[in-house]
Amino acid sequence: MWFQIDVGLAESVREAADACAIPQSEFSPDVRQADPNFGDFQANGILPYAKSHGLNPRQIAEQIVSNLRTGEKFLGKIDISIAGPGFINFKLSNAFLIEWLNAYKSEKNCRLALAKNFRGKRIVVDYSSPNTAKQMHVGHLRSMNIGNSICKILKFCGADVIGDNHIGDWGTMFGILIMAIKKEGADASSLTLEEIESLYQLGNAMIIGDESAIATARNELVKLQSGDWENLQIWQRINEVSRAAFEEIYEEMGIYFDYALGESSYRDEVGRIYEELVAKGIAVESEGALCVFHGECERFGEQPFIVRKSDGASNYATTDLATVLHRTEQLRADEIIYITDGRQRDHFQQLFLTVQKWYAAFERKCPEMRHVWFGTILGDDGKAIKTRAGTPVRLKELIGEAKARALAIVNEKSTNLSDGEKQHVARVLAIDSIKYSDLLPSRTNDYAFSWDKMLSFDGNTAAYMLYAIARIKSVLKKCSIDAAAALANDLETAEERSLVRKLTYFPIVLAQAAKELRPHYICTYLFELAVEYSSFYNANRILAEEANVAARRLTIAVRTLQTMEIGMHLLGLETLEKM
Ligand code: ARG
């Protein structure tokens with residue numbers, strides 16, 4: 001039995017087409033979810049094929065369908081018909097649906113069925129990656145949440161995933177910061193992150209219009225990069241303090257990395273980058289800097305990818321190139337996925353072009369590289385969200401406020417819980433809501449931040465999903481029926497069928513989320529599933545008089561719960577036993 005019914009059907013259609021002498025290379029079955037009025041799945045690929053070959057699509061559809069009918073054993077449990085000019089409709093029989101439910105009882109079954117999709121593929125996901133010397137703010141949310149979810153999705157689909165937090169600990173800001181610390185006579189060994197942050201602001205103010213301050217800052221950076229002891233001490237302290245503060249946030253958010261190799265980990269590799277790029281003529285000197293021009297892209301003809309600045313310092317591009325080397329040579333990555341906001345699209349396009357040319361020149365296997373970018377979180381004014389004072393909203397404060405608001409809601413709604421339980425529920429509700437509201441909008445869109453929407457129990461929210469899950473759990477706790485014999489009997493009601501049908505779509509949604517690296521498909525699906533479950537629950541008594549009916553409904557409920565929990569896990573969310 002196929003877990004991904006669309007993939008199984010496509011395979012069968014392809015075989016049937018093959019038997020009609022339709023060349024595989026020219027025909028794609030294009031199997032999708034169908035409008036429930038017509039069926040459960042639909043193959044749409046015949047029309048474009050027939051059109052491009054000047055053939056009658058209806059005739060081709062008839063040939064394919066007659067071949068399909070003699071096909072695999074479970075195709076007998078699917079009603080196949082031709083619609084319109086040449087679509088093939090598939091309607092799954094209740095017997096088929098039950099067989100499917102039985103075949104994928106556990107999370108493990110589902111996981112194993114999907115595992116072939118990415119089997120053996122090693123993927124490095126570069127996410128979160130904040131810069132040190134600054135507190136994390138709301139602008140850091142999306143990379144963290146999207147990256148965390150993408151890691152989980154790819155792992156679930158069988159990939160060998162390495163999550164790497166590429167912390168920005170080697171940038172230009174250190175020149176400015178070290179200058180400010182020295183000018184202010186601050187004692188680096190006792191600075192807090194807040195103090196470091198204000199010294200950085202001070203440094204930034206110092207260099208405005210002051211050539212000599214600019215030169216000093218630049219010189220401090222060059223000194224740091226060439227191993228000056230004093231500057232290295234200051235730098236180290238700043239990074240320690242920053243990383244400790246980041247850890248607190250990750251702990252609160254439940255985000256864990258396999259590696260947190262900062263940019264600085266690659267500082268000794270930059271020499272090799274310059275040498276190799278120059279040796280193959282990929283990088284050239286231009287106005288004192290070492291640059292890569294990608295003239296084939298109009299935009300980059302004028303705007304080079306600078307890999308060494310004119311003062312000799314390495315930069316973001318250099319360490320990114322060295323990181324690719326480390327990831328392919330040491331981590332053996334087949335693919336690297338970078339998660340940052342949309343403003344870095346040019347950087348990554350130039351990075352990828354450079355790596356392609358560089359790896360080709362040395363006959364190395366080039367990894368697949370993808371930039372998964374996202375839009376901005378907006379405030380009431382439609383601009384990037386800020387505090388009233390015009391500063392970025394700190395994550396520490398945002399999490400604190402979410403927890404306080406969640407606790408107020410829980411105190412009001414969940415009067416039956418103990419104080420300890422209320423604290424737990426409020427924490428999960430707060431963190432899940434932050435994550436869910438961040439993952440729900442398509443990542444390439446901007447979205448408006450709203451406390452009320454985020455913590456609401458109505459609509460597609462974390463609270464709604466948590467509540468739906470807790471409710472199924474509480475029903476299940478009351479049942480002592482043995483669900484083992486459950487599925488011997490057929491589905492009866494329209495709601496049962498509709499819910500099981502929805503369950504069969506989960507793998508499609510997951511595959512799509514994994515392909516496009518867009519977790520929001522899962523959010524949309526989970527909400528629809530919860531609504532579908534609600535109709536089922538309202539119209540069909542789970543604890544029906546007849547034992548076999550009760551057992552069947554119970555099994556459907558268990559399976560719905562399992563799917564919801566997998567979905568929530570893939571989004572990086574915790575679930576609750578009760579609320
Ligand atoms: N530290 C960078 C920033 O805050 C993001 C790093 C993304 N990853 C990378 N390999 N460039 O903008």
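Numbering of ligands and ligand atoms starts at 1, following listing order. Numbers for residues simply follow the sequence, beginning at 1. Bear in mind that the values here come from a model prediction, so they are computed numbers and not experimental data.
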task = State, without any angle test, whether Tyr436 and Asn460 hold a side-chain donor-acceptor pair at a distance under 3.5 Å.
result = yes
key: Near-ring test Tyr127/Phe257, centroid separation under 6.0 angstrom   = yes
inquiry  = Using ring centroids (six-membered ring only for Trp), state whether His347 and Phe305 fall under 6.0 Å.
reply    = yes
key: Output field: ring centroids Tyr338/Phe352 closer than 6.0 Å   = yes
key: Ring centroid separation Tyr256 to Tyr250 under 6.0 Å   = no
query = Taking the six-membered ring for Trp, are Tyr525 and Phe506 parallel (under 30°), tilted (30 to 60°) or perpendicular (over 60°)?
reply = tilted
query = Under a 4.0 Å heavy-atom cut-off, what residues line ligand 1?
reply = Asp126, Ser129, Asn131, His166, Tyr316, Asp320, Tyr338, Thr340, Gln344, Phe348
